[in-house]
Amino acid sequence: MNYFLVKSEPFKYSWDQFNKDGRTFWDGVRNYQARNNIKLMKEGDLVLFYHSNEGKNVVGIAKVVREFYQDPTTDDANWVVVDLSPVETLKNPVSLEQIKAEESLKEISLIKQGRLSVMQLKATEFDKILEMGS
DNA sequence: GCCAACGTTGGC
DNA sequence: GCCAACGTTGGC
């Protein structure tokens, strides 16, 4: 089992919208590193959902329901999507500030590589954020 | 709205 | 294959 974190601007695609939809394909990734991370996702892997710009917090947990396939919004074979479904909303959204302040999360890609929109998390990092959010 | 960080593009 | 110019992201 692998763990990931994806970013979305709430203005563009919010956690609320995601829950209304029940399932979505994660498109719009146009960065090779993020794309490579998407390709690592397997069905059943868990994904934290982070709101960038507005809120700047981890708001919920999603899971991978379909492994990567050609991005249906483009013909360019470079780009792929995965299907995600919401699993659970965090009782207490975990803010970027909290994550920064947490010693055990210092190495998290969210902080070390601010612009990356899809990243892999260590199991310990994933667990820690869940613990902070419950 | 600004700006730092950083990925991408294109000329050489 | 280097590197300057440019564009985008995202925190502040």
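Side-chain atoms are counted along with the backbone in the values below, which use heavy atoms only and exclude waters and symmetry mates.
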Please set out all donor-acceptor pairs under 3.5 angstrom arising from side-chain atoms of residues 80-91 of chain A, sequence neighbours excluded.
from, atom 1, to, atom 2, distance (Å)
D83(A), OD1, Y69(A), OH, 2.5
D83(A), OD2, R23(A), NE, 3.3
D83(A), OD2, R23(A), NH2, 2.8
S85(A), OG, G22(A), O, 3.0
T89(A), OG1, W15(A), NE1, 3.1

Quiz item: Is W26(A) close to T24(A) at the side-chain level, that is, under 4.5 Å between some pair of heavy atoms?
Solution: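 Yes, at least one pair of side-chain atoms sits under 4.5 Å.
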Practice problem: Taking the side chain as every heavy atom from C-beta outward, state whether Y50(A) and K56(A) have any pair of such atoms under 4.5 Å apart. | Solution: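 Yes, close enough: below the 4.5 Å cut-off.
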Exercise. Pull out every residue in residues 93-102 of chain A that has a heavy atom closer than 4.0 Å to any atom of DNA chain C, ordered by number, or say none.
Key: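 The stretch gives L96(A), K100(A) as the residues lying under 4.0 Å from the strand, ordered by number.
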Self-check item: Stretch residues 24-40 of chain A: residues that reach within less than 4.0 Å of DNA chain C through a heavy atom
Solution: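 Result for residues 24-40 of chain A: none.
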Quiz item: Is there a donor-acceptor contact under 3.5 Å from the side chain of Q70(A) to the main chain of T74(A)?
Solution: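 Between the backbone of T74(A) and the side chain of Q70(A) there is a qualifying donor-acceptor contact (under 3.5 Å).
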Quiz item: Does S8(A) reach the main-chain N or O of Y13(A) with its side chain, forming a donor-acceptor pair under 3.5 Å?
Solution: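 It does hold such a pair.
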Quiz prompt | Terminal contacting nucleotides, 5' and 3', DNA chain B versus chain A (heavy atom, 4.0 Å) | solution =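 First-to-last contact on DNA chain B, by the 4.0 Å heavy-atom rule, is dA5(B) to dT8(B).
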Practice problem: Using side chain to side chain donor-acceptor pair (under 3.5 Å) as the criterion, list what pairs up with R30(A), not counting sequence neighbours. | Solution: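 R30(A) satisfies side chain to side chain donor-acceptor pair (under 3.5 Å) with D71(A) only.
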Quiz item: For N36(A), what residues pass the side chain to side chain donor-acceptor pair (under 3.5 Å) criterion, not counting sequence neighbours?
Solution: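 Per chain and number, N36(A) pairs via side chain to side chain donor-acceptor pair (under 3.5 Å) with no residue.
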Side-chain donor-acceptor pairs of residues 122-134 of chain A under 3.5 Å, sequence neighbours excluded:
from, atom 1, to, atom 2, distance (Å)
K122(A), NZ, E125(A), OE2, 3.4
E125(A), OE1, K122(A), N, 3.0
S134(A), OG, L130(A), O, 3.3
S134(A), OG, E131(A), O, 3.2

Partners passing side chain to side chain contact (heavy atoms under 4.5 Å, CB included) against [X] (at least two apart in sequence or in another chain):
X	answer
S14(A)	P10(A), D16(A), Q17(A), H51(A)
D45(A)	M1(A), N2(A), F4(A), K42(A), V64(A)
D75(A)	none

Quiz prompt | Side-chain cluster (under 4.5 Å, hydrophobic types only) that V65(A) belongs to, other residues | solution =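 None, because no other hydrophobic side chain comes under 4.5 Å of this residue.
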Self-check item: Difference in axis direction between the ends of the helix from dG1(B)-dC12(C) to dC12(B)-dG1(C), five pairs, 10°
Solution: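 Computed from the C1' atoms at both ends, the axes differ by 10°.
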